[in-house]
Protein chains: 2
Amino acid sequence: MVDHNLTASNSMDAMLFLTDDQLLQGIELMYFAYKGFTSDPDLILQNYTYGRAHHRAVHFINRRKGLKVNDLLDILGITKQSLNRVLRQLINDGLVESRVGRQDKRERNLFLTDDGEKLERQLSDAQRKRMRSAYRAAGPDAVMGFRLVLEKIMDGEMQRGSIKIKEKLT
Amino acid sequence: MVDHNLTASNSMDAMLFLTDDQLLQGIELMYFAYKGFTSDPDLILQNYTYGRAHHRAVHFINRRKGLKVNDLLDILGITKQSLNRVLRQLINDGLVESRVGRQDKRERNLFLTDDGEKLERQLSDAQRKRMRSAYRAAGPDAVMGFRLVLEKIMDGEMQRGSIKIKEKLT
DNA sequence: AAACTATGTCAGTATTATTGACTTTATAAA
DNA sequence: TTTATAAAGTCAATAATACTGACATAGTTT
């Protein structure tokens, strides 16, 4: 069992006693949990020629249907050239549709095709399943704490493009 | 503001109402928080010729001083060949020391040199700072929830090498 | 007409990972 | 003691994901 008691030694805080060791434990927890978190989709993606980058693209196109290429670039925080390869594959393989913008014809709105939605389902099913069972096992209060800490961790990181996501999340 | 209220619609649970959308929010939260979580060290590492792989190696060598090469391979879940390049650099650059095992001379025990500890400090300072301020802002109950959910997420992922870490964490 | 914007693409490079094959050294087992 | 196994290290080839820089095309603004 892992110790959740946070009443320890080294450096003091207004509310918490946070030793370097406890903080390092939190850091490792993030590392291993993220690894566990991506392992299911990674396995599925091996059956295709796709990787995590494709997963992310498919995820956000599904979450923000019709988003522009630039939106996706902002969210992912990668370069146009990096996204291009991934997006081109997904479009050629018929998983993503790129429609010319209605008002501004320079823009492309991205959508998942039926096949694209099928892949998205397959990937997110695995991840949601893990998330749901973790939430269940931990209980509602823990879930609130989990979300709160994660939000604090990414504070300052959500400046540009991702702030749109945060709004959408609400 | 982000909504923490978890009393919603779609699918029912013994304790929680968890809609697909709420689960997807949790998934995105993990993605963005992990990104925020690695951004500080990534910036520092750019000043060296190192990347995240070096950071991970340095982190775990510091946390489990004297660990064997095989231990590190198990923890990181990568191949010997992948680790080798990283480890060779760190050893050549004088950040890591590899000592022949005392009982079993085939084994190598890994340690950080003074310079290695200096780098480790620099990297973990940034990360601990972020972690500490997130913990502070969220409060003790939230921290417990955060840890509990993360542990549940990685359940089943900590089978082999990482179970040692979990023990160490305790 | 000129400037700017959104998208797409080509070429070259870097990091991190993979698989497979092989060596050296050391321990364990027959 | 020979044989087998184990730990570590290395070489070569390949893949996925990212980067920078340069440039093209189409459409919108000024």
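Chain naming here is simple, since letters A, B, ... match the order of the sequence lines and numbering starts at 1 in each. Computed from a predicted model, the values in this text were never measured in an experiment.
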| query | Quick one: are A/H59 and A/Q127 in side-chain contact, heavy atoms under 4.5 Å? | reply |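 A side-chain contact under 4.5 Å is absent here.
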| task | Take atom CG of B/D114 as the centre, draw a 6.0 Å sphere, and report whether it contains more than 12 heavy atoms from other residues, nucleotides or ligands. | result |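 At most 12 heavy atoms, drawn from other residues, nucleotides or ligands, come within 6.0 Å of this atom.
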| Looking at B/K129, B/R63, B/R121, which hits salt bridge (Lys or Arg N to Asp or Glu O under 4.0 Å) with A/D20? |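 Option passing the salt bridge (Lys or Arg N to Asp or Glu O under 4.0 Å) with A/D20: B/R121.
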Could you give the [atom1]-to-[atom2] distance, from [X] to [N], as a whole number of Å?
| X | N | atom1 | atom2 | result |
| --- | --- | --- | --- | --- |
| B/L72 | C/dT16 | CG | C1' | 15 Å |
| B/L87 | D/dA7 | CG | C1' | 13 Å |
| A/R85 | D/dA15 | CZ | P | 12 Å |
| A/Q46 | D/dT14 | CD | P | 20 Å |
| A/L90 | D/dA16 | CG | P | 13 Å |
| B/D71 | D/dA6 | CG | P | 16 Å |
| B/D74 | D/dA6 | CG | C1' | 14 Å |
| B/K35 | D/dA18 | NZ | P | 10 Å |

| request: Counting heavy atoms from C-beta on, name the nucleotide in D/dT17, C/dT15, D/dA8 closest to the side chain of B/N70. | output: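 Minimum distance to the B/N70 side chain belongs to D/dA8.
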I want to check one thing: is the phosphate of [N], taken as OP1 and OP2, less than 4.0 Å away from some side-chain N or O of [X]?
| X | N | result |
| --- | --- | --- |
| A/N84 | C/dT9 | yes |
| B/H54 | C/dT15 | no |
| B/R52 | D/dA18 | no |

| query | In terms of the nearest nucleotide of DNA chain D, which residue is placed more toward the 5' end: B/K68 or A/G51? | reply |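 By nearest-heavy-atom nucleotide position, the 5'-most residue is B/K68.
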| Taking the inter-plane angle between the rings of A/Y50 and A/Y48 on a 0 to 90° scale, is it parallel (under 30°), tilted (30 to 60°) or perpendicular (over 60°)? |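 Parallel: the ring planes of A/Y50 and A/Y48 meet at under 30°.
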| All side-chain contact (heavy atoms from CB on, under 4.5 Å) counterparts of A/E120, not counting sequence neighbours |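 Listed in chain order: A/V58, A/N62, A/L112, A/S124.
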| Path from A/L24 to B/I61 over hydrophobic side-chain contacts below 4.5 Å |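 In one cluster with A/L24: B/I61, yes.
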| task | Over all heavy atoms of both residues, which pair between A/L90 and A/A57 is shortest? Give the atoms and the distance, please. | result |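 Scanning both residues, the minimum pair turns out to be CD1-CB, 4.0 Å.
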| request: Using a 4.0 Å cut-off on protein heavy atoms (strictly under), produce a 5'-to-3' string for nucleotides 18-30 of chain C with B for base contact, S for backbone-only sugar-phosphate contact, and - for none. | output: BBBB----BS---
